[in-house]
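Following: one structure in structure tokens, then a few remarks.
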There are 2 protein chains.
Amino acid sequence: MNSLAEENYLKALFTLAAKNNGEVSVNDLSRHLDIKMPTVNSMMKKLTTKKLVYYESYKPLKLTEKGKKEAALIIRKHRLTEMYLVEKMNFGWEQVHEIAEQIEHIKSPEFFAKMDELLGYPQIDPHGSPIPDKNGKMIWKEYKKLSECTKGSLVKIAAVINTSNDFLKFLNEKEIHLGLKMKIKSIEPFDKSVIVSYPKHASETLSPTVSERLLVEKV
Amino acid sequence: MNSLAEENYLKALFTLAAKNNGEVSVNDLSRHLDIKMPTVNSMMKKLTTKKLVYYESYKPLKLTEKGKKEAALIIRKHRLTEMYLVEKMNFGWEQVHEIAEQIEHIKSPEFFAKMDELLGYPQIDPHGSPIPDKNGKMIWKEYKKLSECTKGSLVKIAAVINTSNDFLKFLNEKEIHLGLKMKIKSIEPFDKSVIVSYPKHASETLSPTVSERLLVEKV
DNA sequence: CTAATATGTTAGATTTATCTAACAATTATA
DNA sequence: TATAATTGTTAGATAAATCTAACATATTAG
Ligand SMILES: [Mn+2]
Ligand SMILES: [Mn+2]
Ligand SMILES: [Mn+2]
Ligand SMILES: [Mn+2]
């Protein structure tokens with residue numbers, strides 16, 4: 001059984017690896033978790049003896065297959081929890097991450113199985129991220145960034161990335177949510193702002209900071 | 001902020017104190033928590049510096065007012081969780097204690113406030129124990145043990161005490177649950193077994209082991 | 001009332017997860 | 001390529017929560 005600390009390292013390794021083809025540096029982990037490098041270094045040695053991480057001095061860190069699976073199962077619990085909090089407890093999508101960060105460590109397969117069942121076996125979390133299955137398999141659909149779409153296209157919001165509290169609250173104010181269909185009216189040539197329209201909002205200008213964080217699918 | 005370990009000691013102190021007019025011994029705590037006496041001893045010193053426990057060498061342990069309140073608030077979270085698991089997630093009353101033992105330590109006032117709201121501000125948990133209010137105030141209604149009732153009386157099951165898994169499963173088999181009304185048909189003079197009747201059960205014999213663990217109110 | 005038993009305390013060790021300081025290797029820059 | 005900056009490692013310290021062994025006090029029984 002992994003400790004709470006070990007679980008957080010596994011999750012961080014998994015998340016950071018996704019951004020850098022499977023390889024993570026001690027420094028990345030250190031900054032991501034706000035834990036000093038020597039601490040990370042010794043934890044990596046420990047996870048290596050547990051066959052969860054592959055580590056050699058001065059080389060990039062990699063999760064083993066076992067490590068990947070265990071990490072994915074924690075992410076599964078995190079995302080199921082977020083979905084449960086939004087769907088069954090009426091929390092806003094900007095409120096659930098902190099709570100899920102704690103509940104993901106609860107040791108009770110029955111508890112998460114029940115959430116899964118009550119939610120009808122959801123495939124995505126409230127931010128559009130895929131929920132890994134019971135074997136730790138996770139599939140990202142092929143979404144496109146809103147910033148990469150062309151004028152005139154009709155798109156549907158599928159996921160948000162870099163889901164900070166402030167960003168989600170901004171989206172709430174603009175009434176932008178998953179599933180929302182919007183039309184791209186034009187793209188400002190100067191700064192690449194995207195001008196869109198959607199129900200109750202005839203014209204909204206979204207800066208690149210925003211449009212790069214919105215993943216969409218074509219309608 | 002108290003650690004998980006500290007919270008479990010506070011809760012144990014509160015629970016054991018209820019059985020012994022506010023005083024708890026190091027030995028009681030040690031056995032209850034399955035933690036050796038020297039460990040308990042040093043934790044009591046720590047909780048004393050935090051003004052949660054009143055401790056003097058060789059004297060019984062007592063929670064301070066602050067300690068009592070903090071303990072009651074953890075018990076509040078435990079019981080709200082149990083109620084939520086039974087009412088909203090369809091767990092059996094014998095399944096919820098272990099999960100609540102973990103969730104009671106979640107740091108999120110909003111999470112428990114939401115449970116409370118969704119449950120309609122319940123006063124008791126699934127075993128009939130009172131849920132302390134937001135100020136840590138808890139009131140036990142004046143129930144009587146089934147074993148103390150007289151022949152011919154009509155009673156309603158109000159709470160169960162010493163709620164072990166096996167006992168709750170036994171009650172499930174006998175279809176005995178909170179709110180059930182039963183009539184005391186007779187009391188066996190030899191061993192004080194109570195013979196009762198209730199819907200679908202014309203005659204059930206309950207041993208003292210059982211009838212002493214069932215709290216009832218008169219109908 | 002003494003002796004045995006039970007309960008409580010002190011001292012010191014261990015495990016886990018963290019840190020700082022010092023040093024070493026790698027990578028980037030001039 | 002030599003030097004500087006960044007990244008990584010080692011060594012040793014610290015805090016929390018636990019333990020065992022030894023000793024001290026209190027309670028119980030004869
Ligand atoms: Mn999250
Ligand atoms: Mn976490
Ligand atoms: Mn319980
Ligand atoms: Mn607990």
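Owing to the predicted nature of the structure, the values given are computational and were not obtained by experimental measurement. The figures that follow rest on heavy atoms only: side chains count, while hydrogens, waters and symmetry mates do not. Just so we're on the same page: letters track the sequence lines, and every chain starts at 1.
- At distances below 3.5 Å, at least one donor-acceptor pair connects side-chain atoms of B:Lys66 with backbone N or O atoms of B:Lys50.
- A salt bridge does not link A:Arg79 to A:Glu82: none of the charged side-chain nitrogens sits closer than 4.0 Å to a carboxylate oxygen.
- Atoms CG (B:Leu61) and P (C:dG8) sit 8 Å apart, rounded to a whole Å.
- The side chain of B:Tyr58 lies closest to D:dA24, out of C:dT10, D:dA24, D:dT9.
- Annotation: B:His97 is in aromatic contact with B:His78 [ring centroid separation under 6.0 Å].
- Between the side chain of B:Arg213 and the backbone N or O of B:Val160, no donor-acceptor pair lies under 3.5 Å.
- One atom, NZ of A:Lys46, and another, C1' of C:dT18, lie 12 Å apart when rounded to the nearest Å.
- In terms of phosphate contacts, A:Ser42 brings no side-chain nitrogen or oxygen within less than 4.0 Å of OP1 or OP2 of D:dT10.
- To the nearest angstrom, P of D:dG8 lies 14 Å from NZ of A:Lys59.
- For A:Lys45, counting side-chain heavy atoms from C-beta on, the closest listed nucleotide (C:dA17, D:dT9, D:dT10) is D:dT10.
- A donor-acceptor pair is defined here as one N or O able to donate and one able to accept, closer than 3.5 Å; such a pair exists between the side chain of A:Lys77 and the backbone of A:Glu104.
- In this structure, CE of A:Met1 is placed 21 Å from P of C:dT15, rounded to the nearest angstrom.
- Note on A:Asn41: every side-chain N or O is 4.0 Å or more away from OP1 and OP2 of D:dG8.
- Taken residue by residue, residues 9-39 of chain A places heavy atoms nearer than 4.0 Å to DNA chain D at A:Ser25, A:Val26, A:Asn27, A:Met37, A:Pro38.
- Between A:Met43 atom CE and C:dT18 atom C1' the separation is 10 Å, expressed in whole Å.
- Between A:Leu119 and A:Lys88, the closest side-chain pair of non-hydrogen atoms falls below 4.5 Å.
- Across the protein-nucleic acid pair, B:Met44 atom CE and D:dT18 atom C1' stand 14 Å apart, rounded to whole Å.
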